[in-house]
Structure formats: structure tokens, C-alpha cells
**Student:** 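Here it is: the structure, laid out below.
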Amino acid sequence: MKTCLYISACLALLAILATSCSDKAVSDYQPVGNSNIPVETNRYGDEKLSSSTDFRENSILGSQQVDLAEYSLEVFGMVENPGSFSYEKLVARESVKRVIDMHCVEGWSVKILWEGFSVKELLNEAGLKPGATTVIFHCYDGYSTFLTLNYIMVNDILLAYKMNDAPLRPERGFPFQLVAENKLGYKWAKWVIKIEVTDSAEGSGYWEKAGYPPSGDLDEWYYR
Ligand SMILES: Nc1nc2c(c(=O)[nH]1)N[C@H]1C(S)=C(S)[C@@H](COP(=O)(O)O)O[C@H]1N2
Ligand SMILES: [Mo]
């Protein structure tokens with residue numbers, strides 16, 4: 001009888017320990033959406049991150065569903081070797097992780113741990129032709145935006161496929177969103193399908209054509 005009591009006491013203690021441990025895990029990682037979506041982290045080192053649900057969904061045509069079976073990223077224009085890349089090929093490239101804030105002109109911002117590959121390296125492999133100055137990002141929803149080649153090379157920006165250690169959600173630009181650090185949200189192209197290297201941004205850029213600054217510089221916007 002004594003042993004029996006002793007065993008039940010031990011079991012109770014174990015159960016308490018187990019629940020307190022799992023409680024910790026739950027507060028460290030908040031699941032997003034339904035349980036089929038991988039859990040995202042909300043912390044990176046000392047930094048507290050925003051969630052992928054903290055964005056305001058205001059895309060020109062709403063969320064897009066890109067079918068990976070039909071997806072490819074095209075690199076074309078003023079390059080020696082134009083090419084077409086599958087999702088698998090692109091996520092197999094060397095990956096980089098960075099915590100970067102995105103600010104929308106509407107006045108909200110998010111701090112996210114981004115993971116992706118270097119756009120600079122992809123362009124270097126494609127071989128830039130002399131005279132190229134501009135890169136236009138074309139998206140699945142017909143949206144476009146552009147950046148100078150110089151900005152891309154200096155900042156070595158990423159094309160991201162993960163946010164907070166979880167794959168991008170469809171509404172966040174799956175399979176790829178551009179991480180245009182130090183630029184306003186409208187430069188962060190989602191659902192990127194084509195990268196065009198050119199010498200002029202004339203006639204492109206959805207929000208740029210509507211009157212937003214072509215540079216999209218955060219500094220310029222906040223100190224105007
Ligand atoms: N393809 C595409 N990319 C886009 C947009 C869009 O409408 N279509 N909106 C831009 C804007 S204005 C912002 S602020 C960011 C973040 O938008 P989200 O909060 O809707 O994800 O995506 C940018 N990328
Ligand atoms: Mo925006």
C-alpha cells in the first residue's frame with residue numbers, strides 16, 4: 001500500500017512537471033492560423049518579433065494562391081544568361097537570415113525574421129550587361145515595383161521564402177517576397193514571378209505610377 005502511494009505521488013509530480021514544461025513551449029511559440037501551418041517563432045535572440053498576422057492585408061487584388069507545380073521565377077532583360085528557376089532550385093540556394101522591419105506608408109510596421117537567398121548573387125550569375133541600372137519585380141497579381149541595381153548590390157537584399165522560421169503564408173507572398181530593407185512596404189514585392197534587368201523603370205511600379213516616391217526610401221519618407 002505504501003509503495004502504491006509513493007508511486008502515485010511520483011506520477012502526480014511528473015504530470016505537474018510535464019505541464020509546466022509544455023506551458024513554457026506554448027508561450028515561446030505562438031501557432032498561427034490553423035494547426036496545419038508550421039509554428040512560427042516570436043523571438044530571435046533578444047529581439048521580440050511581430051507575427052505574420054500583424055500585417056494589414058491590403059494587396060491590390062487581395063491574397064493570391066500560387067501553385068508551386070506551375071511556378072517558376074524568370075530572370076530576363078539586360079543579362080547574359082536569362083533563366084527560369086523552380087521553387088526547389090531557389091530554396092536550395094545558400095540561405096541568409098535577417099531581422100528587418102517593414103514600414104507601410106499607412107503608418108504601421110512589423111519586425112520579422114526573414115530567411116531567403118541573395119538577389120545580388122542570382123543577378124551576378126545571370127551576368128549583368130553593361131548599361132543595366134534598374135531591376136523591375138513583376139508579381140503574380142499584376143503588381144510591379146522597381147529598385148536600382150546599385151541599391152540591390154550594396155544592400156545585398158533577400159528574396160524570402162520564410163518568415164519567423166515558418167514558410168511564407170499565401171497572403172504574405174508565397175512563394176517569395178522581396179525584403180527591401182530601408183525601403184517602404186510598396187517596394188517589398190510579394191508573389192514575385194519575374195525579375196527584369198533594365199536601364200529604365202519608365203511605365204512600371206504600381207504605387208510609383210500613383211505618385212509615391214520612386215526611391216521608396218524610408219529616410220526620405222519620414223524626414224520629408
Ligand atoms: N504583389 C504585390 N506585392 C505587394 C503589394 C501588392 O499589392 N501586390 N503591396 C505592397 C505593399 S503596399 C505593402 S505595405 C507590402 C505588405 O503588404 P501586406 O501587408 O498586404 O502583406 O506588400 C507590398 N507588396
Ligand atoms: Mo503599403
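Order of listing sets the numbers, starting from 1, for every ligand and every atom in it. Just so you know, these numbers come straight off a predicted model, no measurement behind them.
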**Student:** Considering only heavy atoms of F55, which atoms of ligand 1 have at least one such atom less than 4.0 Å away?
**Tutor:**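 Atoms satisfying the 4.0 Å criterion: 19 (O), 21 (O).
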**Student:** State plainly whether the residues E57 and R172 are in salt-bridge range, i.e. N to O under 4.0 Å.
**Tutor:**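 Counted as a salt bridge, because a side-chain N and a carboxylate O are separated by less than 4.0 Å.
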**Student:** Between K162 (side chain only) and G116 (backbone N and O only), is there a donor and an acceptor less than 3.5 Å apart?
**Tutor:** no
**Student:** Does F137 come within less than 4.0 Å of ligand 1, judged by its heavy atoms?
**Tutor:**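 Heavy atoms of F137 never come under 4.0 Å of ligand 1.
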**Student:** Any nitrogen or oxygen of K190, main chain or side chain, under 3.5 Å from a nitrogen or oxygen of ligand 1?
**Tutor:** yes
**Student:** Kindly indicate, with the supporting measurements, whether the criterion ring-ring contact (aromatic ring centres under 6.0 Å, His included) is fulfilled by Y186 and Y212.
**Tutor:** CA-CA 9 Å; Y186 61 87; Y212 284 95; 5.6 Å; yes
**Student:** To check your reading of the model: name the closest protein heavy atom to atom 11 (C) of ligand 1, its residue, and the distance in Å.
**Tutor:** G185 O, 3.6 Å
**Student:** Starting from atom 8 (N) of ligand 1, find the nearest protein heavy-atom neighbour and note its residue, name and distance.
**Tutor:** D141 OD2, 2.8 Å
**Student:** Only distances under 3.5 Å count here; give the side-chain donor-acceptor pairs of residues 192-199 to other protein atoms, sequence neighbours excluded, each with its distance to 0.1 Å.
**Tutor:**
| from | atom 1 | to | atom 2 | distance (Å) |
| --- | --- | --- | --- | --- |
| E196 | OE1 | H138 | NE2 | 2.7 |
| T198 | OG1 | S200 | N | 3.3 |
| T198 | OG1 | S200 | O | 3.4 |

**Student:** Compute the minimum heavy-atom distance from E106 to ligand 1 and say whether it is under 4.0 Å.
**Tutor:** no
**Student:** Closest approach of I112 and L49, non-hydrogen atoms and distance?
**Tutor:** C-CD2, 4.2 Å
**Student:** Taking the six-membered ring of Y143 (Phe, Tyr or Trp), confirm whether the NZ or CZ of K190 is under 6.0 Å from its centre and within 45° of its axis.
**Tutor:** no
**Student:** Is there any N or O on R172 that sits under 3.5 Å from an N or O of ligand 1?
**Tutor:**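 Checking ligand 1 against R172, an N or O pair does fall under 3.5 Å apart.
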**Student:** Check W188 against ligand 1 and report side chain, backbone, both or neither, counting heavy atoms closer than 4.0 Å.
**Tutor:** backbone
**Student:** Going by the order shown, which atoms of ligand 1 are within less than 4.0 Å of some heavy atom of C139?
**Tutor:** 1 (N)
**Student:** Would you mind checking if K120 and E125 are paired as a salt bridge, meaning a charged N to carboxylate O distance below 4.0 Å?
**Tutor:**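 No salt bridge links E125 with K120.
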**Student:** I'd like to check which ligand 1 atoms, numbered from 1 as shown, lie under 4.0 Å from a non-hydrogen atom of C104.
**Tutor:**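 This gives 14 (S) as the contact atoms.
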**Student:** Test of understanding: given a 4.0 Å heavy-atom threshold, classify the contact between N58 and ligand 1 as side chain, backbone, both, or neither.
**Tutor:**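 Under 4.0 Å from ligand 1, N58 contributes backbone and side-chain atoms.
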**Student:** Among all the protein's non-hydrogen atoms, which is closest to atom 7 (O) of ligand 1, and how far away is it?
**Tutor:**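 Going by distance alone, atom 7 (O) of ligand 1 is nearest to I60 N, 2.8 Å.
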**Student:** Within ligand 1, which atoms have a heavy atom of W191 less than 4.0 Å away?
**Tutor:**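 Numbered from 1, ligand 1 contributes 1 (N), 2 (C), 8 (N).
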**Student:** Nearest protein heavy-atom contact for atom 16 (C) of ligand 1: which residue, which atom, what distance?
**Tutor:** M102 CE, 3.6 Å
**Student:** Quick one: which of W114, F137, W207 gives a ring pair (Phe, Tyr, Trp, His ring centres under 6.0 Å) with W188?
**Tutor:** W114
**Student:** What part of R56 sits under 4.0 Å from ligand 1 if we count only heavy atoms: the side chain, the backbone, both or neither?
**Tutor:**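 Only the backbone of R56 comes within reach of ligand 1.
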**Student:** Pull out every atom of ligand 1 sitting under 4.0 Å from any heavy atom of W108, numbered as shown with elements.
**Tutor:**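 So the answer, numbered in order with elements, is 19 (O).
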**Student:** Decide whether a cation-pi geometry holds between K97 and Y44; the criteria are a distance under 6.0 Å from NZ or CZ to the six-membered ring centre and an angle within 45° of the ring axis.
**Tutor:**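 Judged by the rule, K97 and Y44 form no cation-pi pair.
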**Student:** I need the nearest protein heavy-atom contact for atom 6 (C) of ligand 1: residue, atom name and distance, please.
**Tutor:**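 Its nearest protein heavy-atom neighbour is Y143 CD1, 3.5 Å.
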**Student:** Checking contacts here: is it the side chain or the backbone of S59 that comes within 4.0 Å of ligand 1, counting heavy atoms only? Could be both or neither.
**Tutor:**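 It is both backbone and side chain that touch ligand 1.
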**Student:** Using a strict 4.0 Å threshold on nitrogen-to-oxygen distance, state whether E181 and R98 make a salt bridge.
**Tutor:** yes
**Student:** Taking ring pair (Phe, Tyr, Trp, His ring centres under 6.0 Å) as the cut-off, I'd like each qualifying pair that reaches into residues 68-105, sequence neighbours left out, listed once.
**Tutor:**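 The answer is Y71-F176, Y87-F174, Y87-F176, H103-Y222.
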